[in-house]
Amino acid sequence: MGTLLSINNYYYRRGGAETVFLEQNRLFEEIGWNIVPFAMRHTKNEPSKWAHYFVDEIEFGENYNFAQKAVRAQKITFSFEARRNIVRLLKEVRPSIAHAHNVYHHLSPSLFGILKSHGVPTVMTLHDLKLACPAYKMLTHDGICERCKSGSIHHLLMQRCIKNSFTLSAVVMMETSVHRLLGCYSKGIDRFVVPSRFYLDKMVDWGWQRERFTHIPNFVDTEHLQPHGEPGEAFVFMGRLGPEKGLATLIRAVAKAGVKARIVGTGPEEEKLRVLAQKANADVEFLGYRSGENLFDTIRSARALVLPSEWYENAPMSVMEAYALERPVIGANIGGIPELVRAGETGALFESGNHEELAERLSDFAAKSASDIARMGKAGRAWMEREFTADQYRRRLLDLYFEMGVAA
């Protein structure tokens, strides 16, 4: 079997990208591939015999002094340490293929040129829109933003797109300019994997060549995620409590519909949302951070998962996990979400940001019988078992690798 050089900033389960990265490693190990991870050193990392090649930890946006900031600005733009360590690594191992996930601000794309010069075919999964929008999300203070579509990125500074900071926005503008000038991604990556068709179309709309992209949806472990119990009364949201998630819209809709909601997660908007819920007299319970079976039990006890996003979501794992647990999904009609919701069969859609329309959906689902809710949940799980399994995900990747000249 082959050797996979698997690249990501973090080597522990930090978010959705890390979960895909680590699960992909596991799937290829199961069929005999040699997995060589390359990441950043971190106290939470999983153990690895390759860890001595990892680069020093760096946290973007932390409070460093001026000299530290200057060094880190250079490293997040173009890490010479990552290049040196990849050169050392390639002296010990010859990868059949390299597959990168998130490298921004930590590893940087500096290593792709080295891989190219050594003849290592390289794939990158796009978990966000960073290669088109330097601020990842095509979202700013006034909503969805595509101001940089023409290629001019001065809007980063004008809108203070990175954490509302002029300094951080300036750093990312410099980073983006250097990467585009050097062709770090356009020349260094052979093929891109996109989990949603929406992201593929958006990248092409912003000037990238369609033939460089392959749509490979994420997968869900239906064997591990087993449903049980009857649907409950409360609607559940799980995720980061950020402004892009549409939680203010959810709270207003909950108040209007007179239903109960549970919000799982933490984030910068939590206090504002608590105040809003109190003012709106919305029956909302904030459950904080949950993971593992504690999280899954919360979904099992729900009436439906609600995803009220107000930005271009890619392919949310939360939708697939809800289906695996036989719960329907009410999702905003934006980004890649509509690809994962079959209205009337596995859930329902509503106009993003429209709390009145969301309230109608909530009321409709609250009025459904438990058997109707269960039927939709079972339809969602059956869909996952047909088209979104681990074996299918691995086969689609192997087909792509084979197309690139890598023997399976």
Side-chain angles (χ1 to χ4, degrees), residues 6-10 15-18 20-21 24 38 60 75-79 82 97-116 121-140 144-157 159 161-162 168-218 244 311-316 335-336 397 400 404:
S6 191
I7 304 167
N8 191 64
N9 284 328
Y10 296 95
E18 285 72 35
V20 173
F21 159 68
Q24 181 177 311
F38 186 75
F60 183 64
K75 289 184 69 174
I76 69 171
T77 301
F78 198 86
S79 173
I97 193 164
H99 194 135
H101 292 266
N102 283 354
V103 300
Y104 323 121
H105 304 324
H106 303 288
L107 298 178
S108 86
S110 64
L111 49 89
F112 295 140
I114 298 297
L115 295 173
K116 177 69 73 174
T122 304
V123 176
M124 184 175 185
T125 294
L126 300 185
H127 297 280
D128 51 46
L129 291 164
K130 169 73 170 173
L131 268 63
C133 167
Y136 303 94
K137 297 177 180 178
M138 295 190 184
L139 182 76
T140 189
I144 295 294
C145 172
E146 298 198 25
R147 293 179 175 91
C148 293
K149 185 176 179 180
S150 65
S152 177
I153 58 174
H154 67 278
H155 300 288
L156 269 171
L157 287 182
Q159 305 297 324
C161 293
I162 309 300
L168 291 178
S169 299
V171 169
V172 171
M173 188 173 76
M174 175 190 69
E175 170 202 51
T176 303
S177 299
V178 170
H179 294 168
R180 292 181 178 181
L181 179 65
L182 297 177
C184 292
Y185 297 105
S186 60
K187 297 177 182 178
I189 304 295
D190 298 300
R191 295 288 290 273
F192 297 97
V193 168
V194 280
S196 71
R197 292 184 181 90
F198 177 86
Y199 268 35
L200 193 160
D201 291 339
K202 186 60 66 176
M203 293 298 295
V204 172
D205 188 41
W206 276 52
W208 288 76
Q209 296 172 311
R210 180 173 291 272
E211 57 268 23
R212 300 190 64 184
F213 296 87
T214 300
H215 172 236
I216 299 180
N218 292 327
E244 73 278 9
W311 72 294
Y312 292 150
E313 290 271 8
N314 190 355
L397 276 182
L400 173 60
M404 296 172 64

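Computed from a predicted structure; not experimentally measured.
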Check D201, V193, L200 against H215 for a side chain to side chain contact (heavy atoms under 4.5 Å, CB included) and give me the one that passes.
L200
Is there a side-chain contact between L111 and F38, using heavy atoms and a 4.5 Å cut-off?
yes
Between G188 and K116, the two heavy atoms sitting closest are O-CE, 4.1 Å
V103 side chain reached by Y185 side chain, heavy atoms, under 4.5 Å
yes
dist I162:CD1 -> H105:NE2 (nearest 0.5 Å) comes out at 6.0 Å
Over all atoms of both residues, closest heavy-atom pair of H99 and T125:
NE2-OG1, 2.7 Å
Go through the structure and list residues passing salt bridge (Lys or Arg N to Asp or Glu O under 4.0 Å) with R212, not counting sequence neighbours.
none
To the nearest 0.5 Å, what is the distance between CG (N218) and NE2 (H127)?
7.5 Å
At what distance, to the nearest 0.5 angstrom, does NE2 of H106 lie from OG of S79?
11.5 Å
Between E146, E244, K137, which is the residue that forms a side chain to side chain donor-acceptor pair (under 3.5 Å) with Y312?
E146
Taking all non-hydrogen atoms of both residues, which atom of A132 and which atom of R180 are closest, and how far apart?
O-NH2, 3.2 Å
Under the side chain to side chain contact (heavy atoms under 4.5 Å, CB included) criterion, do F192 and M203 qualify, and how do the steps go?
CA-CA 10 Å; F192 297 97; M203 293 298 295; over 6 Å; no
Go through the steps to decide whether W206 and L129 satisfy the test side chain to side chain contact (heavy atoms under 4.5 Å, CB included), and finish with yes or no.
CA-CA 10 Å; W206 276 52; L129 291 164; over 6 Å; no
Over all atoms of both residues, closest heavy-atom pair of Y199 and E313
CE1-O, 3.5 Å
One should read off an interatomic distance between N314 CG and Y136 OH, to the nearest 0.5 angstrom, of 14.5 Å
Value rounded to 0.5 Å, distance of CD1 in I189 from CG in L131:
8.0 Å
All heavy atoms of S196 vs all of G336, minimum pair found to be CB-CA, 4.3 Å
CG of N102 to CZ of F21: how many Å apart, nearest 0.5 Å?
10.5 Å
When you measure from the side chain of D190 to the backbone of T122, do you find a donor-acceptor pair of N or O atoms at a distance under 3.5 Å?
yes
Heavy atoms only: give me the nearest S169-L157 pair and the separation to one decimal.
C-CD2, 3.9 Å
For R147, does the CZ atom have more than 12 heavy-atom neighbours from other residues, nucleotides or ligands under 6.0 Å away?
yes
